[in-house]
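Heavy atoms only: backbone and side chains are in, while hydrogens, waters and symmetry mates are out. The sequence lines fix the lettering, A, B, ..., with proteins before strands; numbering per chain opens at 1.
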2 protein chains.
Amino acid sequence: MAGRTRKGEQTRRLILETALELFRERGYDETTMRLIAERADVALGNAYYYFRSKEHLVQAFYARVNEEQRTVSAPELARKTDLQARLSVVVRAVIEIMAPYHRFAGSLFRSAADPRSPLSPFGPESAESRRRGIALFVDVLDGSTTRVPDDLRAELPGLLWLYQMGVILFWIHDNSPGHRRTDRLIDLTTEIVAHVISLASIPILRPLRRRTLQLLAELRGDEP
Amino acid sequence: MAGRTRKGEQTRRLILETALELFRERGYDETTMRLIAERADVALGNAYYYFRSKEHLVQAFYARVNEEQRTVSAPELARKTDLQARLSVVVRAVIEIMAPYHRFAGSLFRSAADPRSPLSPFGPESAESRRRGIALFVDVLDGSTTRVPDDLRAELPGLLWLYQMGVILFWIHDNSPGHRRTDRLIDLTTEIVAHVISLASIPILRPLRRRTLQLLAELRGDEP
DNA sequence: GTCTATAACCGGATAGAC
DNA sequence: GTCTATCCGGTTATAGAC
């Protein structure tokens with residue numbers, strides 16, 4: 001594997017930092033591999049030695065966002081027990097971290113939806129980063145005072161992670177100053193989501209809940 | 001504009017049919033503009049004369065799917081009044097029509113999520129095709145016997161169109177034979193969706209409904 | 001307005017020498 | 001690990017024929 005020696009690690013890091021810098025400055029398409037290599041003062045082929053493709057640079061970006069999201073949210077999560085508040089903290093964090101990459105993130109989501117792309121958040125190459133993303137929502141739930149029915153508890157983190165993906169998709173299309181519209185979306189939707197979760201226990205909705213859970217259970221299992 | 005004369009229309013059609021054929025056979029990336037031109041027996045430049053980019057060929061694909069979905073669903077819609085049944089008809093239709101393009105559709109959804117891509121279903125270039133897609137769900141609702149609160153009625157077609165996009169996204173990732181898993185998803189989710197819509201009228205859920213509609217109202221208006 | 005032919009540019013990706 | 005040279009395909013440009 002690439003980047004095993006001290007020197008290799010340094011070169012790898014240099015290339016990644018340069019790439020992220022350029023992504024922020026110019027977006028995805030305008031950032032050519034040639035430009036990354038040039039600014040990092042390495043040969044084009046060398047960039048490809050460390051990152052098999054331009055898309056693999058993006059995987060590295062995902063991993064970093066993930067990591068920072070957890071770090072940034074931790075102190076606030078330690079202080080809050082209200083489900084809406086906790087949800088809001090982590091979702092706001094991910095948007096805040098990605099903020100400098102707004103333009104970049106747009107082109108990014110391209111590959112995200114392609115199942116054969118190594119960048120698809122649903123694909124096998126992203127399993128690890130997805131697992132970590134979902135794990136954060138396990139913490140969000142575990143630390144909250146809201147009562148969640150046991151059957152739902154198992155599925156909820158994955159659903160909340162999907163919800164977060166939805167927010168990110170919205171943010172990508174949001175050009176309001178300081179992503180105000182996305183902030184507002186988070187305000188309103190975390191409230192709705194928390195409300196729905198608390199309603200999930202009431203009797204009239206039991207059939208709906210059972211049906212929904214059955215659906216989720218069925219869809220698990222023979223995923224490619 | 002290109003394709004105004006009879007002959008031009010024919011050439012345009014020839015290029016499009018050839019492209020769709022190749023998309024079915026080889027997917028998106030493997031289908032080069034050079035290959036399309038070659039098999040259609042036109043010059044490369046001529047293909048670009050009728051379709052400004054490879055992505056514009058895809059817009060044409062969207063339009064056709066849209067059109068066929070309406071045609072194929074029409075007879076069944078004329079006979080059914082149950083909301084779940086009607087929903088099921090149109091969503092199944094769109095999957096059936098796209099079935100031969102499964103691999104192709106995967107790479108397709110790439111550009112779909114990029115707001116700056118001419119293919120984004122949320123972008124201005126797709127406004128017309130989106131409008132038509134949503135219009136079909138207006139028909140689905142209008143012909144059904146389910147009672148829908150007035151405030152919700154305005155928003156629902158757009159939401160159902162989004163739901164359909166979700167199904168398509170699932171289908172893209174579905175490799176089960178004969179897209180059985182997607183069929184099952186449609187069974188279960190149309191039932192859930194229809195159920196939720198019918199529940200929307202009951203009093204306990206009124207606050208939730210109001211809040212959700214307020215959210216949607218607020219998000220409309222200053223979209224980029 | 002339609003179309004051909006051909007050359008060129010650009011950027012992602014790879015091969016193979018050092 | 002790193003470089004240079006090269007391939008490949010989307011896209012553009014040009015010049016001219018019907």
Side-chain angles (χ1 to χ4, degrees), chain A residues 1-20 22-23 25-61 104 107-108 110-111 114 116-119 125, chain B residues 1-20 22-23 25-61 104 107-108 110-111 114 116-119 125:
Chain A
M1 281 295 129
R4 277 307 178 71
T5 64
R6 189 147 343 163
K7 177 136 184 245
E9 238 165 272
Q10 258 177 28
T11 309
R12 184 193 169 80
R13 190 175 180 77
L14 169 66
I15 292 169
L16 178 57
E17 295 307 326
T18 309
L20 291 181
L22 284 166
F23 285 153
E25 283 176 28
R26 321 167 50 105
Y28 186 73
D29 287 333
E30 309 279 279
T31 298
T32 69
M33 290 297 279
R34 280 168 177 83
L35 191 56
I36 295 171
E38 190 185 328
R39 194 181 294 189
D41 250 315
V42 299
L44 176 60
N46 200 13
Y48 277 100
Y49 176 76
Y50 286 102
F51 298 92
R52 283 222 306 268
S53 77
K54 201 176 170 184
E55 300 200 324
H56 282 76
L57 277 166
V58 178
Q59 280 286 16
F61 167 75
F104 170 60
S107 0
L108 239 189
R110 269 203 287 216
S111 334
D114 181 352
R116 273 181 321 299
S117 157
L119 296 183
E125 293 91 338
Chain B
M1 281 294 132
R4 277 307 178 70
T5 64
R6 191 149 339 164
K7 176 131 186 246
E9 238 165 88
Q10 258 176 28
T11 309
R12 185 194 169 79
R13 191 175 179 77
L14 168 67
I15 292 169
L16 178 57
E17 296 306 328
T18 309
L20 292 181
L22 283 166
F23 285 153
E25 283 176 27
R26 322 167 49 107
Y28 187 72
D29 286 334
E30 309 279 279
T31 299
T32 70
M33 289 298 278
R34 282 169 176 84
L35 190 55
I36 294 171
E38 190 185 328
R39 191 175 303 185
D41 251 315
V42 300
L44 176 60
N46 200 14
Y48 276 99
Y49 177 74
Y50 285 102
F51 298 92
R52 284 222 304 269
S53 75
K54 200 176 170 184
E55 299 199 326
H56 281 76
L57 278 166
V58 177
Q59 280 286 15
F61 168 74
F104 170 59
S107 1
L108 240 188
R110 268 203 289 214
S111 334
D114 180 352
R116 273 181 322 298
S117 157
L119 295 185
E125 293 91 340

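In this structure, A:L14 atom CG and D:dT2 atom C1' are separated by 13 Å, rounded to whole Å. Summarising the geometry, the separation between CG on A:D29 and P on C:dG12 is reported as 8 Å, rounded to the nearest angstrom. If you take CZ of B:R6 and P of C:dT2, they are 13 Å apart, rounded to a whole angstrom. Atom CZ in B:F51 sits about 15 Å away from atom C1' in C:dT2, given to the nearest Å. Between the CD atom of A:E55 and the P atom of C:dG12 there is a distance of 11 Å, rounded to whole Å.
Listed by chain and number, the residues in a side-chain hydrogen bond (donor to acceptor under 3.5 Å, both in side chains) with B:E25 are B:R39 (sequence neighbours excluded). Listed by chain and residue number, nothing satisfies the side-chain hydrogen bond (donor to acceptor under 3.5 Å, both in side chains) test with B:R34 (two or more places apart in sequence, or in another chain). By the side-chain hydrogen bond (donor to acceptor under 3.5 Å, both in side chains) test, A:R116 is found to be paired with B:S107, residues two or more places apart in sequence or in another chain being considered. With sequence neighbours excluded, the residues that form a side-chain contact (heavy atoms from CB on, under 4.5 Å) with B:L35 are B:L22, B:R26, B:T32, B:E38. For A:F51, the ring pair (Phe, Tyr, Trp, His ring centres under 6.0 Å) test picks out no residue, with sequence neighbours left out.
Of the side-chain N and O atoms in B:Y49, none sit less than 4.0 angstrom from OP1 or OP2 of C:dT4. Side-chain nitrogen and oxygen atoms of B:S53 include none within less than 4.0 Å of the OP1 or OP2 phosphate oxygen of D:dG10. A sub-4.0 Å separation between OP1 or OP2 of D:dG10 and a side-chain N or O of B:K54 is present. For the pair A:K7 and D:dT2, the criterion of a side-chain N or O lying under 4.0 Å from OP1 or OP2 is met.
Near DNA chain C, defined here as any heavy-atom distance below 4.0 Å, the residues from residues 32-48 of chain B are B:R34, B:D41, B:V42, B:A43, B:N46, listed numerically.
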Exercise for the section: Walk me through it: do B:T18 and B:V42 pass the test side chain to side chain contact (heavy atoms under 4.5 Å, CB included)? Expected result: CA-CA 11 Å; B:T18 309; B:V42 300; over 6 Å; no

